[in-house]
Amino acid sequence: MRSILIKVAVVLLLIILAIVGVIAWAQYSNTSDLPLEATTGKDPKLVEPNPQTIPSVKLVKTVGWGQGEAPTAAQGFTVNRFAEGLDHPRTMLTLPNGDVLVAETNAPAGNKPSGITGMVMGWMFSRVGADVPSPDKIVLLRDADGDGKAEVRADFRTEDMHSPSGMAYRDGKLYIANHDAVLEFAFQPGETKLVGKPLRKMMDLPAGGNHWMRNLLLSDDGQHLYVAVGSSTNIADNGMDAEAGRAAIWEIDVATGHRRQFAGGMRNPNGMGWNPSTGELWATVQERDMLGPDLVPDYLTNVPVGAQYGWPWIYWKTTFDDRVQWPMETYMLEYTRKPEYAMGAHASVLGMVFAHGGITMGDKFANGAFVARHGSWNRRPAVGYDVVFVPFDEHGNPKNVKPVPVLSGFLQDASHTRGRPTWLAFDKTGSLLVSDDTGGMIWRVNVPGAKPAAEIKPVVAEHMKPLTELKDPTAPTADTVAGFKKGPDRLLP
């Protein structure tokens with residue numbers, strides 16, 4: 001009996017040493033060869049892939065914010081605490097009366113894999129402060145006196161909230177996306193609680209998965225609701241059937257409930273917004289992992305109807321991911337789109353808002369997109385953990401420049417962070433709000449004394465005139481027959 005116990009103990013010790021070795025290797029090997037800026041912009045550097053069975057990791061521990069501490073705002077900006085002491089705040093929605101809804105949320109229970117993989121993931125999430133149970137709550141914040149601090153905080157809704165994230169409002173209807181469904185409620189701004197049952201379920205959604213957040217965006221006319229749904233795994237690891245309805249943006253007809261897939265091949269779309277110059281839908285997208293610390297860049301891009309961005313087979317339009325063995329659609333390379341703007345490899349882009357008329361962010365930040373980079377977990381050194389601005393030109397396209405810093409200082413040092421910027425919204429004064437999920441904060445950023453920005457002029461382009469009749473392009477015209485005489489079946493000189 002004693003010898004058996006000794007053998008079991010030795011085996012357990014070897015397993016523990018192996019796990020420790022794997023974690024140590026993952027954390028202290030495979031350092032990036034490039035600065036983050038090399039994988040940003042309109043023409044990012046794409047290195048040769050280095051497929052990994054065990055990903056390289058750099059786990060940055062959350063230590064929180066001390067009394068009086070705040071992120072570092074770019075020159076000319078100020079930052080203050082709009083609200084603090086929140087329980088894992090992620091997404092936000094500013095209502096027409098200026099109240100701000102905040103989803104206190106996290107992944108649904110039981111969302112991790114089982115076995116050793118799940119155990120390691122649990123340890124990793126705990127290390128970075130992302131292992132807290134989902135509060136499953138939406139809170140309402142109100143800054144009634146306009147001093148930049150929310151003096152009113154109310155529990156807005158907890159009933160039937162299951163890892164809520166996306167929120168949208170128009171004309172007395174509030175839409176909320178749980179991880180598994182989109183719900184419609186009757187609601188009037190000014191109320192501090194959402195009461196009553198949902199009016200209807202707009203759409204069932206694929207539940208949970210590695211990417212469980214579900215963002216919402218209404219069209220300007222309120223007729224269509226757009227739903228961003230991320231993939232379940234990194235590269236369809238469990239087969240394409242397990243990814244049905246995922247890695248896509250869906251469009252719901254609000255009146256009829258009819259839905260269609262609006263765009264696909266987007267591993268994890270998150271922040272969505274309407275480009276004020278062109279009226280196009282744009283989104284941030286987190287790209288795939290385990291090809292090395294410098295692949296693949298997350299991106300910000302326009303999303304035309306029917307767009308396909310290649311996941312899981314293709315990235316950045318031209319590069320095949322040889323790890324994916326599932327059958328690919330014929331001629332997919334020909335219609336896969338190239339993203340418009342790279343946000344950096346493993347920067348973990350999440351929230352995004354476009355600048356628009358009335359914001360108080362200064363002239364240099366009056367046309368473009370603000371993006372929250374939540375921060376990497378599988379790149380050495382750590383990157384992201386900031387809010388940046390992508391300037392756009394008068395035609396509604398990103399300029400050929402690198403992202404401009406707006407809010408940094410979340411990282412305390414190479415191994416510790418005070419918090420992680422997650423979502424963006426504008427408050428009623430035109431200041432930028434930034435949710436910080438692991439820090440439990442909502443930050444407010446603006447340029448003191450800045451005049452409200454002017455409305456961005458829509459791009460007006462001349463459209464091709466419609467054809468009124470069909471003509472054979474090979475048929476001779478009056479000009480081609482001049483100097484010729486007609487023969488029985490040809491033109492004769």
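In this structure, P297 and P44 approach most closely via the heavy-atom pair CG-CB, 4.3 Å. Across every non-hydrogen atom of R337 and E340, the tightest pair is NH2-OE2, 4.2 Å. The shortest heavy-atom contact between G351 and L424 is O-CD1, 3.8 Å. Counting all heavy atoms, side chain and backbone alike, I176 lies closest to F185 at CD1-CE1, 3.9 Å. K317 approaches I314 most closely through the heavy-atom pair O-CG2, 3.4 Å. Shown here for L291 and Y315, the closest heavy-atom pair between the two residues is CD1-CE2, 3.8 Å.
Residues I442 and P89 are in side-chain contact: their nearest non-hydrogen atoms beyond the backbone lie under 4.5 Å apart. R214 has its side chain out of reach of V182: every pair of non-hydrogen atoms, C-beta onward, lies at least 4.5 Å apart. Put simply, the side chain of T284 does not reach to within 4.5 Å of the side chain of M343, judged on heavy atoms. At a threshold of 4.5 Å between non-hydrogen side-chain atoms, the residues N234 and N210 do not count as touching. For the pair K137 and D87, the minimum side-chain heavy-atom distance is 4.5 Å or more. Looking at heavy atoms from C-beta onward, T417 lies in side-chain contact with L411 at the 4.5 angstrom threshold. Using a 4.5 Å heavy-atom cutoff, the side chains of V102 and S435 are not in contact. Residues P189 and Y169 are in side-chain contact: their nearest non-hydrogen atoms beyond the backbone lie under 4.5 Å apart.
The six-membered or imidazole ring of F410 lies near that of W65, with a centre-to-centre distance under 6.0 Å. Residues F392 and W282 bring their aromatic ring centres within 6.0 Å. Separation of the H224 and F262 ring centroids does not fall under the 6.0 Å cut-off.
In this view, F389 and F365, F370 satisfy the ring pair (Phe, Tyr, Trp, His ring centres under 6.0 Å) rule, not counting sequence neighbours. Residues satisfying the side-chain hydrogen bond (donor to acceptor under 3.5 Å, both in side chains) test with R153, not counting sequence neighbours, are none. Partners of D413 by side-chain contact (heavy atoms from CB on, under 4.5 Å), not counting sequence neighbours, listed by chain and number: S415, H416.
A salt bridge links D321 with R288: the closest approach of a Lys/Arg side-chain nitrogen to an acidic carboxylate oxygen falls below 4.0 angstrom. A salt bridge does not link E287 to R267: none of the charged side-chain nitrogens sits closer than 4.0 Å to a carboxylate oxygen. Salt-bridge formation is not detected for the pair D143/K428: no Lys NZ or Arg NE/NH1/NH2 atom is positioned less than 4.0 Å from an Asp or Glu carboxylate oxygen.
No side-chain donor-acceptor contact under 3.5 Å links R246 to the backbone of V229. Side-chain N or O atoms of R373 include none that pairs as donor or acceptor with a backbone N or O of G375 at under 3.5 Å. Side chain of S232 to backbone of G209: no donor-acceptor contact under 3.5 angstrom is found. Checked by atom type and distance alone, the side chain of T360 pairs as donor or acceptor with a backbone atom of G430 at under 3.5 Å. Side chain of E104 to backbone of V139: no donor-acceptor contact under 3.5 angstrom is found. Panel note: side chain H346, backbone G292; a donor-acceptor pair is recorded below 3.5 Å. In this structure, the side chain of N400 does not engage the main chain of G41 through any donor-acceptor pair within 3.5 Å.
Taken to the nearest 0.5 Å, the CG atom of L433 stands 14.0 Å off from the CH2 atom of W423. How far CE of M203 is from CG of L183: 13.0 Å, rounded to the nearest 0.5 Å. To the nearest 0.5 angstrom, L141 atom CG is 11.0 Å from D427 atom CG. From L350, atom CG reaches atom CD of Q286 across 5.0 Å, with rounding to the nearest 0.5 Å. Remark: S277 OG to K457 NZ distance equals 11.0 Å, nearest 0.5 Å. One finds the CG atom of L46 at 7.0 Å from the OG1 atom of T318 (value rounded to the nearest 0.5 Å).
Applying the 6.0 Å contact sphere to NZ of K402 captures more than 12 heavy atoms from other residues, nucleotides or ligands. Summarising the local packing, CG of D221 is surrounded by more than 12 heavy atoms from other residues, nucleotides or ligands at distances under 6.0 Å. Other residues, nucleotides and ligands contribute over 12 non-hydrogen atoms within 6.0 Å of the NZ atom of K193.
Side chains of R444 and S431: a donor-acceptor N/O pair is present below 3.5 angstrom, by distance only. Neither side chain, D136 nor T158, offers a donor N or O lying under 3.5 Å from an acceptor on the other. Looking only at atom types and distance, the side chain of S408 has no donor-acceptor partner in the side chain of D386 under 3.5 Å away. One side chain, E243 or T233, offers a donor N or O that lies under 3.5 Å from an acceptor on the other. When only modelled atom types and interatomic distance are considered, T438 and R420 share no side-chain donor-acceptor pair under 3.5 Å. In summary, the side chains of H211 and N270 do not present any donor paired with an acceptor at a separation below 3.5 Å, with no hydrogens or angles considered.
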- Step by step, work out the side chain to side chain contact (heavy atoms under 4.5 Å, CB included) result for L432 and I359. CA-CA 8 Å; L432 183 69; I359 67 170; over 6 Å; no

- Message: Checking L174 against L93 for the side chain to side chain contact (heavy atoms under 4.5 Å, CB included) test, could you report, in this order, the C-alpha distance in whole Å, the side-chain angles of both residues, the deciding distance, and whether it holds?
- Response: CA-CA 10 Å; L174 178 65; L93 174 68; 4.0 Å; yes

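Every pair passing ring pair (Phe, Tyr, Trp, His ring centres under 6.0 Å) that includes a residue from residues 137-166 is listed here, sequence neighbours excluded: F156-F187. For residues 164-176, there are no salt bridge (charged side-chain N to carboxylate O under 4.0 Å, His left out) pairs, not counting sequence neighbours. For residues 92-102, the pairs satisfying side chain to side chain donor-acceptor pair (under 3.5 Å) are N97-D99, D99-R142, with sequence neighbours left out.
With Y226 as reference, W274 is the one residue of Y175, W250, W274 to meet the ring-ring contact (aromatic ring centres under 6.0 Å, His included) rule. Shown are D437, T422, N106; of these, the side-chain hydrogen bond (donor to acceptor under 3.5 Å, both in side chains) with R90 is made only by D437.
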